[in-house]
Amino acid sequence: MIPLLASPACFGWGAEGHRMINRLAAEKLPMDVPEFLRTAAAIEEIEYLGPEPDRWRSAAEPELNSAQAPEHFIDLEIADRIGPLPRRRFDYIAALNATVAAHPDWAKEMRPERVGLQPYVTVEVFERLQAAFREYRALSGQGSSTRPVEAAILFYTGWLGHYVADGSQPLHVTENYDGWIEKANANGYSTAHGVHAQFETAFVLANIHSVDVALLMTPPHVLKDPFAEYLVYLRHSASLVERVYQFDKGEAFAGSGSAESRQFAAERLAAGASELRDLIYTAWLHSAAPVPEYHPTAQAAAAPAKH
C-alpha cells in the first residue's frame, strides 16, 4: 500500500469541489440556525474554507503536513482488521497496535498514518463546532457580544466541511486510492496513478455545476449518533469504489465523460453537501442539550490524566 500523503495531487475533490460542497451546505441550512450563519458574508467565508486543510499540505510546513495528512482518508479494508472501529482516536490507534502485536507481518501497513484517521478528525471538528454553538447560546442568553464566537463557528464549519467532503469521495476510503493495488484484479482495473486526480479535480472542474448538485441533495436530517452515522456514510462511499474504477476503465472521466459518470460525480458531491449540512444542523440542535454532569471516575476511565 502506498499512503495517500505520498501523492500531493490526491486532494479530495480539488478546490472547486470543496468550495461547492461547503457553499451548498451553508445555503441549504434550515432557517432555525442562527441568522449570522445564513448571511452572504458567512456563506462566502464557509465556501472559502472548503479547501483550507489542503492548504496545510505543503513542504513549506513539513510538521503540519505530516501530522494532518492522514486525516484526509481511511483505508477501510485495512482498518476493519481491528473489528468495529472505536469511537475515540487513541482507542483506534491502540487497537491498530494490538492487532499488529498479534500479526507482526502487518506492522508496516497498519501504522495509523498509513491506515488513515478520517472519521476521527471529522467527529472531533464536529464537536468543536457543537461546543462553539453552546457558547454562542450562552453569550446570547447573557446579552453579551457573540461576534468572537461567531468567527470561531464559521471557521469550524468550513474546516468540518473539508473532511466531510473527503468522505464522500470513494477513493478516500480505500487502499485502492489511486490505482488498483489489490492482487485480485479480475476486472482489469488500472493500476497506474492518475485516476484520483482525474476524477475529483479535472473531471469535476470541467463538467459539474453547482445547480445540478443542489438538485440531488437529500432533505435535512438530524443525526442521533454522529460517529455511528458518519461511519455509515463512509461505508456507503466505500461501496462505490469499484464504480469509480469501472468508469475509469471505460474512459468515462476523460473530457466530458458520459451522462452516467457526470451523474455519479454530481451525486457524490451532493452526498457531501447533504452530510455537511446535516452535521452543522445537528451540532446546532445538540448544543442546546445540558452538558452531562462530571463524574471523575468515568472521566478518568475515558481519558486518564497524565498530571
Side-chain angles (χ1 to χ4, degrees), residues 13 15-53 122-168 208-230 232-234 236 266-291:
W13 288 122
E16 180 62 25
H18 277 294
R19 285 193 293 262
M20 187 185 303
I21 285 172
N22 271 30
R23 183 173 190 90
L24 286 173
E27 288 178 340
K28 302 299 182 179
L29 284 170
M31 295 298 290
D32 54 326
V33 301
E35 185 177 357
F36 82 87
L37 201 55
R38 295 184 281 107
T39 65
I43 292 171
E44 182 179 355
E45 176 74 6
I46 292 167
E47 177 184 13
Y48 169 80
L49 289 167
E52 184 70 5
T122 304
V123 173
E124 290 159 8
V125 177
F126 163 82
E127 291 187 352
R128 286 181 171 95
L129 177 60
Q130 180 176 284
F133 275 136
R134 188 165 58 247
E135 177 68 5
Y136 174 88
R137 290 180 185 273
L139 291 172
S140 297
Q142 297 165 8
S144 302
S145 172
T146 59
R147 288 185 64 186
V149 76
E150 288 174 16
I153 287 168
L154 292 179
F155 178 75
Y156 293 145
T157 298
W159 185 17
L160 175 64
H162 184 91
Y163 299 115
V164 176
D166 279 350
S168 70
I208 310 302
H209 306 289
S210 181
V211 63
D212 301 316
V213 174
L215 292 173
L216 298 172
M217 290 178 67
T218 58
H221 165 69
V222 180
L223 284 66
K224 294 182 179 178
D225 184 338
F227 180 80
E229 294 185 56
Y230 189 71
V232 171
Y233 166 76
L234 292 182
H236 179 64
E267 287 174 352
R268 290 289 78 218
L269 290 160
S274 298
E275 182 77 1
L276 176 57
R277 176 208 57 211
D278 293 347
L279 281 165
I280 298 165
Y281 189 47
T282 298
W284 166 245
L285 294 180
H286 284 193
S287 71
V291 176

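Side chains included, hydrogens not; waters and symmetry mates left out as well; all remaining heavy atoms used. We number each residue from 1, following the sequence as shown. Keep in mind it's a predicted model, so treat the numbers as computed, not measured.
Judged purely by distance below 3.5 Å, without hydrogens or angles, the side chains of Asp166 and His18 pair a donor atom with an acceptor atom. In this model, a donor atom of one side chain and an acceptor atom of the other lie less than 3.5 Å apart for Ser287 and Arg137. There is a side-chain donor-acceptor pair under 3.5 Å between Tyr281 and Asp32.
For Glu45, there are no side-chain hydrogen bond (donor to acceptor under 3.5 Å, both in side chains) partners two or more places apart in sequence or in a different chain. For Glu127, the salt bridge (charged side-chain N to carboxylate O under 4.0 Å, His left out) criterion is met by no residue, not counting sequence neighbours.
Looking at Ser168, its side chain does come within 3.5 Å of a backbone N or O of Ala165 through a donor-acceptor pair. A donor-acceptor contact shorter than 3.5 Å links the side chain of Arg277 to the backbone of Pro219. Thr122 places no side-chain N or O within 3.5 Å of a backbone atom of Val164 that could act as its donor or acceptor partner. A distance-only check finds no donor-acceptor pair linking the side chain of Trp284 to the backbone of Leu279 [under 3.5 Å]. A donor-acceptor distance shorter than 3.5 angstrom exists from the side chain of Glu229 to the backbone of Asp225, with no hydrogens or angles considered. Between the side chain of Ser274 and the main chain of Thr218, a donor-acceptor pair closer than 3.5 Å is present. Looking only at distances, no side-chain donor or acceptor of His221 sits under 3.5 Å from a matching main-chain atom of Asp278.
In this structure, the separation between NZ on Lys224 and OG1 on Thr282 is 11.5 Å, given to the nearest 0.5 Å. Leu269 contributes atom CG, which lies 4.0 Å from atom CH2 of Trp13 (distance to the nearest 0.5 angstrom).
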Exercise for the section: Mind running side chain to side chain contact (heavy atoms under 4.5 Å, CB included) on Arg19 and Arg23 for me, showing each step along the way? Expected result: CA-CA 6 Å; Arg19 285 193 293 262; Arg23 183 173 190 90; over 6 Å; no
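Minimum interatomic distance between Phe133 and Ala283 (heavy atoms only, all atoms of both residues): CD1-C, 3.7 Å. When all heavy atoms are compared, the tightest approach of Ile43 to Ala26 is CG1-CB, 3.9 Å. In terms of heavy-atom proximity, Leu234 sits nearest to Gly167 at CD2-CA, 3.6 Å. Residue Ser140 comes nearest to Thr146 through the heavy atom pair OG-CG2, 3.5 Å, listed as atom of the first residue, atom of the second, then distance. The minimum heavy-atom distance linking Thr157 with Leu276 is given by the pair O-CD1, 4.3 Å. Between Leu24 and Ala214, the shortest heavy-atom contact is CD2-CB, 3.8 Å.
Using a 4.5 Å cut-off on side-chain heavy atoms (C-beta onward), Met20 and Val213 make contact. Counting heavy atoms from C-beta outward, Tyr156 and Gln130 have side chains that stay 4.5 Å or more apart. With contacts defined as side-chain heavy-atom distances shorter than 4.5 Å, the pair Ile280/Phe126 does not qualify.
Ring centers of Phe36 and Tyr136: under 6.0 Å apart, within the cut-off. Note: Tyr230 and Tyr233 meet the aromatic proximity criterion, with ring centroids under 6.0 Å apart.
With salt bridges taken as basic N to acidic carboxylate O contacts below 4.0 Å, none links Glu35 and Arg38.
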